Amino acid sequence: MSTVTSAPYAARRTLTVRTELVRQLRRRRTLVAFGLAVALPLIVVAAVKLGPQSRGFGDGDLDLVGLATAGPWNFTLTMLLFASGFLLTIIAAMFLGDTVASEASWSTMRYLLAAPVPRRRFLRAKMIVGLILTAITLLILVAVAFLIALVVFGSAPLTSPLGGSFDVATSWQRLAIVTGYIGIQLLIPAGIAFLMSVLTDVPLGAVGAAVIIVIVLNILDAIDALGDLRRFLPTDYGGAWADALGQQIAWGDMAIGASYALVTFAVLAAIAVLRFDRKDILS
Amino acid sequence: MRAFLGGGVAAVLVAGALLAPSAARAEVAPVAMMLAGAPSSATDPTPVQLDVDVYIPEVTPAPAVVLAHGFGGSKEGAAEQAQLLVEAGYVVLAYTARGFGESTGLISMNAPDYEVADASALVDYLASLASVTVESPGDPVVGVAGGSYGGALALMLAGYDDRIDAVAADITWNDLETSLFAQSAVDGVQPGVLKSLWTSLFFSSGLGLEPGQPVSECGRFTPQWCAAYVEAVTKGVVSAEAADLMARSSPRSITDRITAPVLLGAGQADSLFPLTQANANAEQIVNAPVKVVWHAGGHDGGIAETDRLLALTRAWFDQHLRAGPTVSDAFEVSLVEASALSDRDPGTVEVLSAPSYPGIFGDGTTQMPLAAPPQQVLAPAGGAPAAITSLPGAGGLARLAGDLLAVPLPGQTAGFFTESLASPMRIVGATRARLTVSSDREVTDAVLFASLRVVSANGRQALPQGLVAAVRIPDLGPEPVTIEVVLPGIVTEAAAGDRLALVVATTDQGYRMPPGPAVYTVAADGPLILPTLQGTTEAAGTPVWVWPLGAVIITVLIWIAVALLRPRDRSGEARPELLTVPLATRDLAKEFTGGLKAVDGVTFEVPPGVVLGLLGPNGAGKTTTMRMAMGLIRPTGGDTWIFGEQVRPGSAVLARVGSFIEGPGFLPHLTGRQNLDLFWRASGREDGDPHLDEVLEIAGLGSAIDRKVRTYSQGMRQRLGIAQAMLGLPDLLVLDEPTNGLDPPQIREMRQVMHDYAASGRTVIVSSHLLSEVEQTCSHVVVMNHGHLIYSGTVDELLAGRSGLRLEDVFLELVGEGHRVDQ
């Protein structure tokens, strides 16, 4: 009979979100992601100000880009347009794809699970922190873009590429809706990456697989021959946030897109949890 | 049971998602036949032969519906609507009008004696069918529906044949002459300006020209209609005979006779039969209920609201042909919310409804003054170059044209602007304005095109639906003439900060223009009178909130399913007799997928307060056993107990165990100290004492403890790993090959550490392949080979009776012979 007692243990205090945040925050990839979100607006502002073509940008499908220098709200929305296609997708895939697989590759996962951190609690902390870090990156991008544009381009409120301009309160509202919608859309790469992270012990494999799946979905989405079948691709609604820029917000596509993203994430995360419950930890 | 429930929920979700879009339905095959219609012409009494499809529903007798097609179409075009109606329980008769497709005869543009009489003959036929409900002999319960050419027929038939009980007419004309010869000046002269592009398209589609077939001037038109067309196009005049022909083929001639309820559709994207035509029908049908719908489609394309209109038509017939639920008579206007980025989705539609139809000028007006001095505009010689505002027949392209080509031509366009709007404004209907016009010379024919445009703050002009109002002024000279113009009926929204513009142009590609040239002086006389409409909006189709609500519900259901599917391990078997036993296994087995039996029926107990060696060659199953003891691997058979508690993944009792299995694991980007600190915090024992100083002393890393683990040597990581296992001084310490990578003095130190640890009443399990090590450190051993237990007991007993032999020799003897030693 041992004469000593071990320290008091409480499952609900294992691997708290706060502890996991500390564990992840000092990682170089976290800092690199934050750094990219800071750098992108600065580079674009520098290009506009110093580049050989001082006329601004060319025009796109949606002439948001042509209005980029109109003011901080316009510039921030343009940065979101630039980043939402690929940069933010990769960052979301990285934060959620690397998170479980890297613990496996460092051999730290078996010690945490034997500590014991209950398996669902482990995934919960991983998922929440991954989502928090993705959201922080998005908000950094928005904040930096807004502040630099405020300094460089002045404080004119949002001019809509669809015609008309807004007052300051509405500009904030529209920026918030667009940022929120893009954040919700990131649940799709996030969900794919999280599932991959549980399925494999190779961090790069999980991130890469998630990014490749998103790219394939986008390619399928661009194939006209698929017609309305594309409606069923969750990534089909990636650009619907532009509907928040009209005089009246057209909620239709955004409601569908956000719903698809939410359900996609829920399904993928549920598969990840059920798989992890029964997984033999061999790493 | 719970797992079953959870699985059931998940299966239903998946099945629901897969099956929902593909609700199969059986199609009703039509019976095709040729039926006799009215006489072929005034001189030829032989009846025309009409190509007819009859659809019989499952349950008869049933009310009937006659479906008429659009110009240039045939009965096949009505097949989709016919299927829908026959499934709803109607006898459906779809037919090809005379002069089209397989039907014989010549096109007479819905003349009462021909096309309308044909349709009456078809109603006679329906009355003769046993499957059709009749009110009295020869009078069936029958509705008629059609769009465009078919819509006019539906109205005409309802006017001429009082057996018709309900009408659904879409995008059609009230007066053929004012449709084809536009005149938007109030009390202006007729004929107006010929819509030459639309008229020629209309006419050529009736010629029935096919490659390789002989061509003819008049195709399948009657000589009278052919002559009227040629005269209008070549000379720009309408003879009395032609005017009479058009009048007789216009619902305007019989609208006061219609007594059947009419569902009247009009397209907002329609430069051929604009909203004003439907408005005239609605205002003239005074002896029957009328429901007016301004949908987002039309001859110019727009957004086809096919599903909504089909459903509405069906509901209309349900109410009026078989006393179904009442359809509200409310006026419905589609508001288009274009999705900005999507190239495939032309927009979503919201429906604004008002309790009653207010007419084309809205239920209220807003007046906005127009600024700008009189402007001179050139009507170029030959009418070219001409502005392009819409592309007749190009369908959806027209909308594009409205945006891209609405750019006014310089010198040919005058613009009169309002102030910026203080608040957003919705315009529903036709705007009125007054113009004063004079010419620098006497002209017999002055033609102007007026439109209402929305000018955004950045100067972009939008011409709603590409619609313009043509005005013809006869005999204009230097003496100014003031005219009142009814601008096109539109549904559009202008934002705060936008300006409205009355734009007057001298040319438009779609119309026949006078040869010119002339210079007109145009001035706005008075304000714009803008129509507004009070109403309530609701989204057509699925309300927007259904999606997120559904998503949240599905998400919640998924998480409920996940919660139910939580692994419910068999209730932990309580073994109080093992309360003091640090580790016990019973029949422990693990078979990996692929059939490898790593551990097979292993039973042993570890007594407290000892250092126990777990021995065996590579592949003996030592590590697998340890991983099962830690809840990392699920056994395929047997069980493990720690201090009497059965081990499951994440069992709380594991908190009393410190482990070091198959090498250390650390976050490389953090220091050794940070790693230990975070591990301790992550392990849920924060309130306890980690005994950090003792543990750090054992690790012996000195100042290196504050360096990043990335920089550590193998041996340093090994020692940090053992230190981590000892954090909080757990009651049981499980160490797998702890001396790997340590140098001899460190190995000796480690031996002392384990010895001291056990001396304090705690227990150490150590696996090693260094047998001399084990012999010096351990009092007890468990020997495994090929997944089987070979020996479990004290070292002394193992060696007893084998004097002179060392553990190594005994081990080799045990393993080499492979026999099992019973305890």
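Chain identifiers are assigned alphabetically (A, B, ...) following the order of the sequence lines, protein sequences preceding nucleic acid strands; residue numbering begins at 1 within each chain. Just so it is clear, the structure is predicted and the values come from calculations on it, not from any experiment. Heavy atoms only: backbone and side chains are in, while hydrogens, waters and symmetry mates are out.
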Asks: For the atom pair CG (B/L632) and CE (A/M109), what is the distance rounded to the nearest 0.5 Å?
Replies: 9.0 Å
Asks: Taking CZ in B/R710 as the centre, count heavy atoms belonging to other residues, nucleotides or ligands within less than 6.0 Å. Is the count above 12?
Replies: yes
Asks: Search all heavy atoms of B/D687 against all heavy atoms of A/P8 and return the closest pair with its distance.
Replies: CB-CG, 4.1 Å
Asks: Report the option among B/G631, B/G721, B/A652 that has the most heavy-atom pairs separated by less than 4.5 Å from atoms of chain A.
Replies: B/A652
Asks: Which atoms of A/R12 come close to chain B, meaning under 4.5 Å heavy atom to heavy atom: side chain ones, backbone ones, both, or neither?
Replies: neither
Asks: So which part of B/T763 gets closer than 4.5 Å to some heavy atom of chain A, the side chain, the backbone, both or neither?
Replies: neither
Asks: Could you check B/L670 against A/R27 for side-chain contact (heavy atoms from CB on, under 4.5 Å), going step by step and ending with a plain yes or no?
Replies: CA-CA 8 Å; B/L670 299 179; A/R27 294 185 60 184; over 6 Å; no
Asks: Heavy-atom pairs under 4.5 Å with chain B: which of A/I256, A/D167, A/V273, A/V22 has the most?
Replies: A/I256
Asks: Counting only heavy atoms closer than 4.5 Å, note whether B/V455 contacts chain A via side chain, backbone, both or neither.
Replies: neither
Asks: Please classify the contact of B/E662 with chain A as side chain, backbone, both or neither, using a heavy-atom distance under 4.5 Å.
Replies: both
Asks: Look only at the side chain of A/T14 and the backbone of B/G684, and say whether a donor-acceptor pair between them is shorter than 3.5 Å.
Replies: no
Asks: Between B/L667 and chain A, with a heavy-atom cut-off of 4.5 Å, which part of the residue counts as in contact: side chain, backbone, both or neither?
Replies: both
Asks: Checking heavy atoms, do the side chain of A/T170, its backbone, both or neither come under 4.5 Å from chain B?
Replies: neither
Asks: Atom CD1 in A/I281, atom CD1 in B/I661: separation rounded to 0.5 Å?
Replies: 11.5 Å
Asks: Please report the closest heavy-atom contact between A/D277 and B/R634, naming both atoms and the distance.
Replies: O-NH2, 3.6 Å
Asks: Answer with side chain, backbone, both or neither: which region of A/Y260 has an atom nearer than 4.5 Å to a non-hydrogen atom of chain B?
Replies: side chain
Asks: Nearest 0.5 Å, what's the CG-OG1 distance between A/L262 and B/T555?
Replies: 3.5 Å
Asks: For A/L282, which atoms come within 4.5 Å of any heavy atom of chain B: side chain, backbone, both, or neither?
Replies: both
Asks: Out of curiosity, A/L268 CG to B/I558 CD1, how far, rounded to the nearest 0.5 Å?
Replies: 9.0 Å
Asks: By a 4.5 Å heavy-atom criterion (distance strictly below it), what part of B/R627 contacts chain A: side chain, backbone, both, or neither?
Replies: side chain
Asks: More than 12 heavy atoms of other residues, nucleotides or ligands under 6.0 Å from CZ of A/R18: is that the case?
Replies: no
Asks: Against chain B, label A/A11 side chain, backbone, both or neither, depending on which of its atoms sit under 4.5 Å from a heavy atom there.
Replies: neither
Asks: Could A/D280 and B/K590 be called an ion pair, given the rule that one side-chain N must be under 4.0 Å from one carboxylate O?
Replies: yes
Asks: Contact part of B/P582 toward chain A, heavy-atom cut-off under 4.5 Å: side chain, backbone, both or neither?
Replies: neither
Asks: To the nearest 0.5 Å, what is the distance between CH2 on B/W680 and OG1 on A/T19?
Replies: 13.0 Å
Asks: Using a cut-off of under 4.5 Å on heavy-atom pairs, state which of A/E103, A/R110, A/R119, A/R121 scores highest against chain B.
Replies: A/R110
Asks: Select one option (side chain, backbone, both, neither) describing which atoms of A/A270 are under 4.5 Å from chain B's heavy atoms.
Replies: both
Asks: Just say parallel, tilted or perpendicular for the rings of B/F679 and A/Y111, cut-offs at 30° and 60°.
Replies: perpendicular
Asks: Can you say whether A/A269 sits under 4.5 Å from chain B via the side chain, the backbone, both, or neither, judging by heavy atoms?
Replies: both
Asks: Which answer fits B/F660, side chain, backbone, both or neither, if we ask what part of it has an atom under 4.5 Å from a heavy atom of chain A?
Replies: both
Asks: Between B/W545 and chain A, which part of the residue has a heavy atom less than 4.5 Å away: side chain, backbone, both or neither?
Replies: neither
Asks: Where the side chain of B/H669 meets the backbone of A/R23, is there a donor-acceptor pair that is under 3.5 Å apart?
Replies: yes
